[in-house]
Protein chains: 2
Amino acid sequence: MQRMTRQRAAVSEVLADTEDFRSAQQLHDMLREAGHSVGLATVYRTMQTLAENGDVDVLRNAEGESLFRRCRKQVHHHHLVCRICGRTVELDAGVVEHWAADVGQSHGFVDVEHTAELFGTCAECMAAGAVDTRDA
Amino acid sequence: MQRMTRQRAAVSEVLADTEDFRSAQQLHDMLREAGHSVGLATVYRTMQTLAENGDVDVLRNAEGESLFRRCRKQVHHHHLVCRICGRTVELDAGVVEHWAADVGQSHGFVDVEHTAELFGTCAECMAAGAVDTRDA
DNA sequence: CTGTGCATGGGAACCATTCTCACTTGCAGG
DNA sequence: CCTGCAAGTGAGAATGGTTCCCATGCACAG
Ligand SMILES: [Mn+2]
Ligand SMILES: [Mn+2]
Ligand SMILES: [Zn+2]
Ligand SMILES: [Zn+2]
């Protein structure tokens, strides 16, 4: 049984304010800046619950950190995420769905699930003279 | 300049002995069982080097742990992995490559990378009504 | 209003991975 | 063969995201 608490309301508010994937720690900072006081553990707990309920999407960046976002689409979809600012584009990917289904079937696998995410640097971050932090 | 050491030889040997994706710690255990003494840090370092050279493929399981495997194909590809026995099929996925490139470009993103893995239950495991032997 | 049991939060615990650094060793060059 | 030295090693410490613990707080049904 879910209770409505000051903390959960604050988290929902912050989630509604951003279009981008954010880590639990970033959300925690955003809450603090917005004047709300919410414990980090509570942020993690809340995101876990929201994720289980399908209210937020979760993905892991290259560093293995979990990123959260309230998505528009409730149905299955994929993302193109800016690895610098977190800007996100929701993608329909019928091609990928078909690929997954075909490949699974042709190899005799059942209950095939797939993961597919795109990470890049968005135009704005690129223009901002963003340094490519990769390779070297 | 790469030097051939007892440790690296042992790791290569163990990698050649398995078809399945394994974690650094599992590899470390396998080395110990095979009678070789190799530090865990060395296993990590070796896997990192092999991964950079494209000699092993890396993927992250649901728990965020890195799994390694020596793949047949040297070129970029994806995997269909049995979530029960770990059996792995290497996949060519031109469709996915094109999708990633097109989507990235049409949204003005650069340096677009993608992840795409399929997890399912293979025919044998399905027939055996098998119990999950992995994870833990 | 009140009790009760879900919720909170600060800090400790967890745990895979990386780092440190003194020590070892492969191997090119002599 | 030697030898010097840069690359490699490993035990343990550090890191850092995430979860756990537990005393205290508080939402809300009755
Ligand atoms: Mn899909
Ligand atoms: Mn690909
Ligand atoms: Zn960006
Ligand atoms: Zn199987």
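Chain A is the first sequence line, chain B the second, and so forth, proteins listed ahead of strands; every chain is numbered from 1.
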Check your understanding: Side-chain contact, heavy-atom cut-off 4.5 Å: H76(B) with H78(B)?
Key -> yes
Review point. Among pairs that include at least one residue of residues 106-115 of chain A, which meet salt bridge (Lys or Arg N to Asp or Glu O under 4.0 Å), considering only residues two or more places apart or in two chains?
Key: E113(A)-R83(B)
Identify all side-chain donor-acceptor contacts of residues 99-106 of chain B below 3.5 Å with residues at least two apart in sequence or on another chain.
residue	atom	partner	partner atom	Å
S106(B)	OG	D102(B)	O	3.2
S106(B)	OG	V103(B)	O	3.1

Point to revise | Sorted by number, the residues of residues 5-18 of chain B with heavy-atom contact under 4.0 Å to DNA chain D | key: T5(B), R6(B), Q7(B), R8(B)
Exercise for review: Quick one: list whatever passes side-chain hydrogen bond (donor to acceptor under 3.5 Å, both in side chains) with H28(A), sequence neighbours left out.
Suggested key: none
Review point. For A62(A), does its backbone N or O pair with a side-chain atom of R60(B) as donor and acceptor, under 3.5 Å?
Key: yes
Practice item. May I ask you to say whether R70(B) pairs ionically with D57(B), meaning some side-chain N is under 4.0 Å from a carboxylate O? Key: no
Practice item. Please go through Y44(B)'s hydrophobic cluster and name the other residues, only I, L, V, M, F, W, Y counting, with side-chain heavy atoms under 4.5 Å joining them. Key: L40(B)
Check your understanding: At under 4.0 Å between heavy atoms, what does Q2(B) touch on the DNA or RNA strands: base, sugar-phosphate, or nothing?
Key -> sugar-phosphate
Review point. Can you give the first and last nucleotides of DNA chain D, 5' to 3', that have an atom under 4.0 Å from a heavy atom of chain A?
Key: dG17(D) to dC28(D)
Check your understanding: Has Q48(B) got a side-chain N or O lying under 4.0 Å from the OP1 or OP2 atom of dT17(C)?
Key -> no
**Study point:** Residues which pass salt bridge (charged side-chain N to carboxylate O under 4.0 Å, His left out) with R87(B), listed by chain and number, not counting sequence neighbours
**Key:** E124(B)
Review point. Residues sharing V58(B)'s hydrophobic cluster, by side-chain heavy-atom contacts under 4.5 Å among ILVMFWY, directly or via others?
Key: V11(B), V14(B), L15(B), L27(B), M30(B), L31(B), V38(B), V43(B), M47(B), L50(B), V56(B), F68(B)
Exercise for review: Please confirm whether any donor atom in the side chain of R3(B) sits under 3.5 Å from an acceptor in the base of dC27(C), or the reverse.
Suggested key: no
Point to revise | Atom CZ of R6(B): over 12 foreign heavy atoms under 6.0 Å | key: yes
Check your understanding: At what angle, to 10 degrees, do the two end axes of the helix from dC1(C)-dG30(D) to dG30(C)-dC1(D) meet, given five pairs define each axis?
Key -> 30°
Practice item. Could you list the residues that satisfy salt bridge (charged side-chain N to carboxylate O under 4.0 Å, His left out) with E19(B), not counting sequence neighbours? Key: R72(B)
Review point. How would you list, by chain and number, every residue that makes a salt bridge (charged side-chain N to carboxylate O under 4.0 Å, His left out) with E90(B), sequence neighbours excluded?
Key: R69(B)
Check your understanding: Hey, is the main chain of G64(A) close enough, under 3.5 Å, to the side chain of S66(A) for a donor-acceptor pair?
Key -> no
Check your understanding: Which residues within residues 19-45 of chain A lie with some heavy atom under 4.0 Å of an atom in DNA chain D?
Key -> Q25(A), A41(A), Y44(A), R45(A)
